[in-house]
Amino acid sequence: MRLSRYFLPLLRDDPKEAEIVSHRLMLRAGLVRQSSAGIYSWLPLGHRVLSRIEQIVREEQDRAGALEMLMPTIQSAEIWKESGRYEVYGKEMLRISDRHEREMLYGPTNEELITAIFRDGVKSYKELPRILYHIQWKFRDEIRPRFGVMRGREFLMKDSYSFDLTLEDARKSYNKMFVSYLRTFSRMGLKSIPMAAETGPIGGDLSHEFIILADTGESEVFCHRDLLALEAPGPDLDYDSDLTPLIRDWTGKYAATIEKHDAAHFSKVPEKDRVTARGIEVGHIFFFGTKYSEPMGCKVQGPDGDLVTVQMGSYGIGVSRLVGAIIEASHDDAGIIWPASVAPFDVGLINLKVGDAETDKAADDFYAKLEAAELSVLYDDRDDRAGAKFTAMDLIGLPWQIIVGPKGLKSGEIELKERATGVRHSLTFEAALNRLIASATKARKEAA
RNA sequence: CGGGGCAUAGCGCAGUCUGGUAGCGCACCUGCUUUGGGAGCAGGGGGUCGCAAGUUCAAAUCUUGCUGCCCCGACCA
């Protein structure tokens, strides 16, 4: 993409309403614009990031055996009355009337809808277990939206729902999602730590929040150092195998957010292993048994012919929130530092002297070569000053920068700069191209 | 919802107290010079001063009402 043809409104100054760093950078780097309180428009660059995050979530859900579908944003109040939540939910739910005065609402979540769909479509235990998910916009009329897309009112969320015949099976579904989340966040370059969360009406240990560590995170978290060293499972993992040992590794050590922190318990962790950090919640998995299936009559016939109320769980990932969360976890004074897996473009190509025939030709040629190698490129071909281009490129945070200027061209070289480290190398065109291709190949291998 | 604050050009702000031709910096456009980390000079475009009523010869400025937005708290992916 040539920057001269792109839509990328950058801001030099911080808009005053933006308090936290991710919000500031998202506005400055032209990722989003606020539409009204807690509601954002995604500009082209931001939309690319959002799509990439969404795609990673999708791939890892599919890998775990979950099935993608799509439910509407607008729901009928009827099913919410069935579950009893229409009264309970309160003002967070945006209620709407249609032209016939029918009570509608903009969905804050989808348990009722999916339960109704599943109930109407499944009658036999043979059709269990199933995990269904969708990635859809939600609306929760937060009392006070803040932190940009991290706590918006409208947000993009992946929500999965599991349906099982028995508690034992439900735990297996839960474990699949648990492991899937480890992989999902790891692929985004994040260190995520599952932390025990408020358990549902059933009790037990089947609720976890997935917290990513970021110095500027919203809440204080405490955990055992060993958890930081744990690696997410590789792509060859068999989701139908027994996942309990894996889960045990990840849940055996102390980990809690400030809300659930138990100082006495934490003090039993050897002092050198105690980590106190800041974190952001990006996912939440939850088993809730028959909370919805019971009142809504979601039953299947078991092997013995008896009707059994299905066991359910739900599993959320804040997709739009992740954009902010990743920036919180990965930025410096100059701007965003995108992990390669979610970066809006792989490479930023800077032509330092637009209008100079030799430089133009060299930059154009390299642009073509990068595109031919299936790398996505944002090519700064604007007639602007070098300093302005460097600053802009650092701000938007693409993992690699290629700098083409008359100085390097004299010796047949261009510069490759790694955004994360700032390290720059003068290389021949070929060497630079090979380095970038190698890095992309490596990234694709990690994803697969 | 309680407390506090803000609303003037795309962004950041001054002007409001004490009513009298709407300003500054950055960004944007044109030209010249410049050109490897946000250049210089000159010229230029852009604002129903959040909205509505009122007071007044005259309102960004005073009065009243409304709306939007932000911050702190309780709530949350």
Side-chain angles (χ1 to χ4, degrees), chain A residues 7-20 23-24 27-28 30 33-39 53 57 89-93 107-110 135-160 181 185 197-198 207-212 218-219 257 259 279-286 314-325 333-335 350-356 359 380 382-395 401-410 413-415 417 422 424 426:
Chain A
F7 182 69
L8 186 65
L10 302 177
L11 296 175
R12 187 166 187 159
D13 302 312
D14 290 326
K16 65 175 173 182
E17 73 269 16
E19 194 78 351
I20 60 165
H23 192 193
R24 287 202 298 266
L27 291 167
R28 288 226 289 133
R33 285 295 180 265
Q34 180 166 309
S35 169
S36 59
I39 301 178
I53 291 174
V57 171
Y89 218 93
K91 291 192 169 179
E92 261 197 21
M93 185 152 77
T109 176
N110 287 66
I135 300 172
Q136 178 62 291
W137 292 91
K138 307 282 190 294
F139 192 91
R140 290 181 194 170
D141 200 356
E142 294 283 341
I143 294 168
R144 185 154 88 82
R146 63 183 120 171
F147 306 145
V149 300
M150 297 248 292
R151 178 98 54 87
R153 292 195 292 171
E154 189 182 59
F155 55 96
L156 187 61
M157 181 177 174
K158 186 285 298 178
D159 40 326
S160 310
Y181 278 30
F185 300 127
E198 214 62 58
S207 179
H208 287 89
E209 291 180 0
F210 283 74
I211 304 287
I212 63 158
E218 54 188 350
S219 62
T257 60
E259 292 82 10
I280 301 166
E281 183 185 349
V282 290
H284 196 160
I285 61 178
F286 206 84
S314 72
Y315 313 88
I317 291 180
V319 175
S320 49
R321 158 175 267 219
L322 269 165
V323 180
D333 289 346
I350 297 178
N351 179 341
L352 279 185
K353 195 166 185 177
V354 171
D356 173 74
T359 314
D380 192 345
R382 300 168 308 163
D383 184 11
D384 205 343
R385 303 188 54 89
K389 294 189 173 197
F390 290 135
T391 311
M393 204 54 90
D394 285 349
L395 174 64
Q401 295 173 18
I402 291 287
I403 300 156
V404 181
K407 206 184 271 181
L409 288 179
K410 274 183 201 153
E413 290 182 330
I414 53 182
E415 263 178 275
K417 174 179 161 182
R424 306 204 294 186
S426 282

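Keep in mind the model is a prediction, meaning the values are calculated, not measured. So that the names make sense, note that chain A is the first sequence line, chain B the second, and so on, each numbered from 1.
Look at the P atom in both rA9(B) and rG43(B): the space between them is 24 Å, to the nearest Å. For the P atoms, the distance linking rG47(B) with rC24(B) amounts to 15 Å, nearest Å. Taking the C1' atoms as reference points, rC75(B) lies 49 Å from rC29(B), given to the whole Å. For rC71(B) and rG40(B), the P atoms lie 34 Å apart once the distance is rounded to whole Å. Taking atom P on both nucleotides, rU56(B) is separated from rG73(B) by 47 Å, rounded to a whole Å. Taking atom C1' on both nucleotides, rG65(B) is separated from rC76(B) by 34 Å, rounded to a whole Å. Nucleotides rG23(B) and rU61(B) have their C1' atoms positioned 15 Å apart, rounded to a whole Å.
Side chain Arg12(A) to base rA27(B): no donor-acceptor pair is found below 3.5 Å. Within 3.5 Å, no donor on the side chain of Arg385(A) pairs with an acceptor on the base of rG40(B), nor the reverse. The base of rG37(B) is paired with the side chain of Asp394(A) by a donor and an acceptor separated by under 3.5 Å.
The closest side-chain donor-acceptor pair between Gln401(A) and Asp394(A) falls under 3.5 angstrom.
Closest of all the heavy-atom pairs between Pro15(A) and Leu27(A) is CG-CD1, 3.8 Å.
Remark: rC51(B) base-pairs with rG65(B); criterion is Watson-Crick or G-U wobble with both hydrogen-bond distances under 3.5 Å. The partner of rC28(B), taking Watson-Crick or G-U wobble pairs whose two distances both stay under 3.5 Å, is rG44(B).
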